[in-house]
Amino acid sequence: MKITVIGTGYVGLVTGTCLAEVGNDVLCLDMDANKIEGLRQGRLPIYEPGLDEMVARNVKAGRLHFTTDLEAAAHFGTIQFIAVGTPPGEDGSADVSYVAAAARNIGRYMNDYKVVVDKSTVPVGTADMVRGVITEELAKRQVSTPFSVVSNPEFLKEGAAIEDFMRPGRIVIGCDNQQAELNMRALYAPFQRHHDRLFVMDIRSAELTKYAANAMLATRISFMNELANLAELVGADIEQVRKGIGSDPRIGYDFLYAGAGYGGSCFPKDVKALIKTAADKAGMQLKVLHAVEEANAQQKHVLGNKVKKRFGNDLRGKHFALWGLAFKANTDDMRQASSLTLIADLLACGATIAAYDPVAMEEAQSLYPDQAGLMLCGTKEAALRGADALTIVTEWSQFKVPDFAVVRGLLQAPVIFDGRNLFDPSRMRERGFTYVSIGRP
Ligand SMILES: NC(=O)c1ccc[n+]([C@@H]2O[C@H](COP(=O)([O-])OP(=O)(O)OC[C@H]3O[C@@H](n4cnc5c(N)ncnc54)[C@H](O)[C@@H]3O)[C@@H](O)[C@H]2O)c1
């Protein structure tokens, strides 16, 4: 099949590459000329495990191409994936202007049947908007080229994106046209050879499904974080509680960890956007999600508050090591990361910070080009040197089994604030550390 993917970010690049991997002919379009130039030279704009080899393999095989040429992109694919960003607008609603611009370009240049697929996370009703924009452009050209609009939300996780795309748990297709459904079924057939994972539904339900999934996951996190805070106050251990409730199959163990709050490019903006959709389109207040957001906003300060509880509100002269800048492990994405809140909290109290992340250093450098008080370090050991305590924000594997003798030797004092509960508190006591984690004694 010939496929155009519009937007070569986390979702677009993974989608395009995985579709090429199974034999399709894929053209990836981006309006960012630097990104496209880099991709043509084999430089990826993002870190995603395994993606660079897969891109190189498919480029070499002649199945994966990159362009900034809008007209060529609109002509190329029978299937046109829209995978552009939908960032939060000022009022919290999803900004769909990039989606509209992508649709407009398709309408401006298409000259045969297209299946236009919304892969970006978009509010209910966006497919109607996309259809309207393309119809408008076709009318301007006085042509009536046929097209269908499909909603196909993406559920991949950064850090495991290739695995998620190649072996999806489910593929949701919102569709009201038989031809388009046949195209989508054929496209996804190679990704579900084991058993059918495709759910075809009406377009609005598909659009809402993506928000419902992320809102549910965010709810689990905020719920566990609140319980962790309660556990601390009443002398319980959230890890024991997690095991106790996770064993119930109706609850399950996944996504039940307490921590320093959720971040990333999806949960915060999608929770906000769903709240806004409900308020604007249905006059409805989503009370649970308001609470989820509020709890998360507070939780992002949890490490900073624990540091202040120990060292006081005036942190001038204090110096902290920080391990983990990415919003989660196996990505370089720092959008809405809890590390940003901790850095702001510590700097505001006069502390200095030495930070390290296995892959997000370039991202950190561009976010903090000249931040007074913040030093970006090349190794996790370098960050420790002379610090009054170590703070841990991201659950990278390489942080899980450090050489504790080295850690103790490099720190000024053996104190660790762990926002991801990586270590066993009693073992840490034996190792001679003052160990402060989330929701545990
Ligand atoms: N990142 C994730 O883990 C994830 C997972 C599932 C769904 N999503 C959703 O997928 C969408 C994309 O997310 P992302 O993280 O890949 O975004 P991103 O910001 O990494 O990439 C978006 C890309 O689109 C390009 N772009 C914007 N407008 C364009 C246009 N008109 N024409 C061509 N290119 C254009 C930008 O230059 C950028 O490269 C969002 O709606 C997001 O919510 C993201």
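Quantities reported herein were computed from a predicted structural model and do not represent experimental measurements.
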For this session: Could you tell me whether a side-chain N or O of Ser151 sits under 3.5 Å from a main-chain N or O of Gly174, the two making a donor and an acceptor?
Result: no

Exercise. In Å and rounded to the nearest 0.5 Å, what is the CG to CG distance from Leu274 to Leu286?
Worked result: 5.5 Å

Give the table of side-chain donor-acceptor pairs shorter than 3.5 Å for residues 31-39, with sequence neighbours excluded, one pair per line with atom names and distance.
from  : atom 1 : to    : atom 2 : distance (Å)
Asp32 : OD1    : Asn34 : N      : 3.0
Asp32 : OD1    : Lys35 : N      : 3.2
Glu37 : OE2    : Gln41 : NE2    : 2.9

Exercise. Does the distance from a Lys or Arg side-chain N to an Asp or Glu carboxylate O, for Glu21 and Arg57, drop under 4.0 Å?
Worked result: yes

Problem set entry | Closest heavy-atom pair and its distance - Ile82, Ala102 | CG2-CB, 4.0 Å

Exercise. Can you tell me if Asn58 uses its side chain to pair, donor with acceptor, with the backbone of Met54 under 3.5 Å?
Worked result: yes

Problem set entry | Lys/Arg cation over aromatic Phe191: Arg197, 6.0 Å, 45° cone | no

Name the atoms and distances for all side-chain donor-acceptor pairs under 3.5 Å in residues 364-382, with sequence neighbours left out.
from   : atom 1 : to     : atom 2 : distance (Å)
Ser366 : OG     : Glu363 : O      : 2.9
Thr379 : OG1    : Ala382 : N      : 2.9

Exercise. Taking C-beta and beyond as the side chain, do Met361 and Leu325 meet within less than 4.5 Å on heavy atoms?
Worked result: yes

Exercise. So which heavy atom on Ala355 is nearest to which on Ala383, and how close?
Worked result: C-CB, 4.3 Å

Exercise. Do Lys269 and Thr86 have side-chain N/O donor and acceptor atoms under 3.5 Å apart?
Worked result: yes

For this session: Mind checking the CG-OG1 spacing from Leu29 to Thr4? Nearest 0.5 Å is all I need.
Result: 7.5 Å

For this session: Check the side chains of Tyr435 and Asp418 for a donor-acceptor pair under 3.5 angstrom, ignoring hydrogens and angles.
Result: yes

Exercise. Do the side chain of His75 and the main chain of Asn111 share a donor and acceptor less than 3.5 angstrom apart?
Worked result: no

Exercise. Atom NZ in Lys157, atom CD1 in Ile162: separation rounded to 0.5 Å?
Worked result: 13.0 Å

Exercise. Would Val11 and Phe81 count as a side chain to side chain contact (heavy atoms under 4.5 Å, CB included) if you check the C-alpha gap in whole Å, the side-chain angles of each, and the deciding distance to 0.1 Å?
Worked result: CA-CA 10 Å; Val11 169; Phe81 275 101; over 6 Å; no

Exercise. Short question: side chain of Asn152, backbone of Val172 - any donor-acceptor pair under 3.5 Å?
Worked result: yes

Problem set entry | pair Pro358-Tyr356: side-chain heavy atoms closer than 4.5 Å | yes

For this session: Find out whether Phe155 and Thr209 are in side-chain contact, i.e. whether some heavy atom of one side chain is under 4.5 Å from a heavy atom of the other.
Result: yes

Seminar exercise, completed: With Glu181 as partner, the option from Arg185, Gln179, Gln178 fulfilling side chain to side chain donor-acceptor pair (under 3.5 Å) is Arg185

Exercise. Do NZ/NE/NH1/NH2 and the carboxylate oxygens of Arg204 and Glu207 come within less than 4.0 Å?
Worked result: no

Exercise. Just wondering, do Glu362 and Asp332 contact through their side chains at under 4.5 Å, heavy atoms?
Worked result: no

For this session: Supply the atom-to-atom distance Asp30 CG to Leu13 CG, rounded to the nearest 0.5 angstrom.
Result: 9.5 Å

Exercise. Are any non-hydrogen side-chain atoms of Gln336 and Tyr262 less than 4.5 angstrom apart?
Worked result: no

Problem set entry | Distance in Å, Ile343 CD1 paired with Leu303 CG, rounded so as to fall on 0.5 Å steps | 11.5 Å

For this session: Check Lys272, Lys276, Lys300 against Glu293 for a salt bridge (charged side-chain N to carboxylate O under 4.0 Å, His left out) and give me the one that passes.
Result: Lys272

Exercise. Short question: side chain of Arg242, backbone of Met224 - any donor-acceptor pair under 3.5 Å?
Worked result: no

For this session: Starting from the C-alpha separation in whole Å, work towards a yes-or-no answer on side chain to side chain contact (heavy atoms under 4.5 Å, CB included) for Glu136 and Arg104.
Result: CA-CA 8 Å; Glu136 219 174 275; Arg104 200 164 285 291; 3.4 Å; yes

For this session: Could you tell me whether Asp118 and Lys210 make a salt bridge, using a distance below 4.0 angstrom between a side-chain N and a carboxylate O?
Result: no

Exercise. Short question: side chain of Ser437, backbone of Asn421 - any donor-acceptor pair under 3.5 Å?
Worked result: no

For this session: Look at the side chain of Gln192 and the backbone N and O of Pro168, then say whether any donor-acceptor pair between them is shorter than 3.5 Å.
Result: no

Problem set entry | Chi angles and distances behind the side-chain hydrogen bond (donor to acceptor under 3.5 Å, both in side chains) call for Ser148, Tyr113 | CA-CA 8 Å; Ser148 313; Tyr113 175 69; 2.7 Å; yes

Problem set entry | Parallel, tilted or perpendicular: ring planes of Phe165 versus Tyr188, cut at 30 and 60 degrees | tilted

For this session: Would you mind reporting whether Val133 and Thr135 have side-chain heavy atoms less than 4.5 Å apart?
Result: no

Seminar exercise, completed: So CD1 of Ile438 and CD of Glu239: to nearest 0.5 Å the spacing works out to 11.5 Å

For this session: Inspect the surroundings of NZ in Lys60 and state if more than 12 heavy atoms from other residues, nucleotides or ligands are less than 6.0 Å away.
Result: no

Exercise. Would you say Glu48's side chain and Gly159's backbone share a donor-acceptor pair under 3.5 angstrom?
Worked result: yes

Exercise. Between Phe147 and Lys114, is there a cation-pi geometry (under 6.0 Å to ring centre, at most 45° from the normal)?
Worked result: no

For this session: Measure up the Tyr47 and Trp396 rings against each other and bin them: parallel (under 30°), tilted (30 to 60°), perpendicular (over 60°).
Result: tilted

Exercise. Do Arg63 and Asn24 have side-chain heavy atoms sitting under 4.5 Å apart?
Worked result: no

For this session: Determine, step by step, whether Leu187 and Val115 satisfy the side chain to side chain contact (heavy atoms under 4.5 Å, CB included) criterion, reporting the C-alpha distance in whole Å, the side-chain angles of both residues, the deciding distance to 0.1 Å, and the verdict.
Result: CA-CA 12 Å; Leu187 182 75; Val115 181; over 6 Å; no

For this session: Report yes or no: does Ser338 contribute a side-chain atom to a donor-acceptor pair with the main-chain N or O of Gly261 at less than 3.5 Å?
Result: yes

Problem set entry | Evaluation steps, side chain to side chain contact (heavy atoms under 4.5 Å, CB included), between Arg40 and Thr67 | CA-CA 9 Å; Arg40 282 185 174 148; Thr67 190; 4.2 Å; yes

Exercise. Between the main-chain N or O of Val393 and the side-chain N or O of Ser339, is there a donor-acceptor pair closer than 3.5 Å?
Worked result: no

Exercise. So, for Phe433 and Phe423, is the gap between ring centers shorter than 6.0 Å?
Worked result: no

For this session: With the side chain counted from C-beta on, respond yes when Ile106 and Ile6 share a heavy-atom pair under 4.5 Å apart, and no when they do not.
Result: yes

Problem set entry | More than 12 heavy atoms from other groups under 6.0 Å of CD on Gln398 | yes

Exercise. Quick one: which of Lys328, Arg335, Met334 gives a side-chain contact (heavy atoms from CB on, under 4.5 Å) with Thr331?
Worked result: Lys328

Problem set entry | Pair listing, side chain to side chain donor-acceptor pair (under 3.5 Å) test, anchored in residues 211-221, at least two apart | Asn214-Asp270

